[in-house]
Amino acid sequence: MNETDKQQLLTELREGVVTVSFTKINGDRRDMQCTLKEDMLPEVQANNNAPEGPKGQSRKPNPDVQSVWDVDQAAWRSFRWENVITDEG
């Protein structure tokens, strides 16, 4: 996924719910309904840009991984940018 497509997807995630398709670590395909729209995020996380790690510690951001709110599971999930499936040839 090129940088332009990545920025477009981030914009769409901030504006509403988006279906993101990606290949999981185990090789399975996943289609996830997710968002980064502030008014749809859990109250505790809405003002916190860094997801919490073990024992409530902030994790260092990883530019290769994107955390999103999975609206179906009502939980934070993530995907690797390199594993996003696009409609490009």
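These numbers come from a predicted model, not from an experiment.
- Side chains of Gln66 and Val20 form no contact here, defined as non-hydrogen atoms less than 4.5 Å apart.
- Closest heavy-atom contact between Val65 and Ser78: CG1-CB, 3.7 Å.
- Residues passing the salt bridge (Lys or Arg N to Asp or Glu O under 4.0 Å) test with Arg30, sequence neighbours excluded: Asp70.
- Residues Met1 and Thr86 meet the side-chain proximity criterion, which asks for heavy atoms closer than 4.5 Å.
- No side-chain N or O of Ser67 forms a donor-acceptor pair with one of Arg77 less than 3.5 Å apart.
- Residues Phe79 and Val68 meet the side-chain proximity criterion, which asks for heavy atoms closer than 4.5 Å.
- Residues Leu13 and Lys37 are not in side-chain contact: their nearest non-hydrogen atoms beyond the backbone lie 4.5 Å or more apart.
- At a threshold of 4.5 Å between non-hydrogen side-chain atoms, the residues Ile85 and Thr23 count as touching.
- Between Glu15 atom CD and Thr35 atom OG1 the span is 10.0 Å, to the nearest 0.5 Å.
- With hydrogens and angles left out, the side-chain atoms of Thr19 and Asp31 include no donor and acceptor closer than 3.5 Å.
- Contact check for Asp72 versus Met32: no side-chain heavy atoms found under the 4.5 Å cut-off.
- Taking all atoms of both residues into account, the shortest heavy-atom contact from Trp76 to Leu36 is CZ3-CD2, 4.3 Å.
- Closest approach of Arg80 and Ile25 over heavy atoms only: CD-CD1, 4.1 Å.
- Rounding to the nearest 0.5 angstrom, the gap separating the CE atom in Met40 from the SG atom in Cys34 is 10.5 Å.
- Within the 4.5 Å cutoff, no side-chain heavy atoms of Val17 are placed close to those of Trp69.
- A 4.5 Å side-chain heavy-atom check between Leu9 and Lys6 finds every atom pair outside the cut-off.
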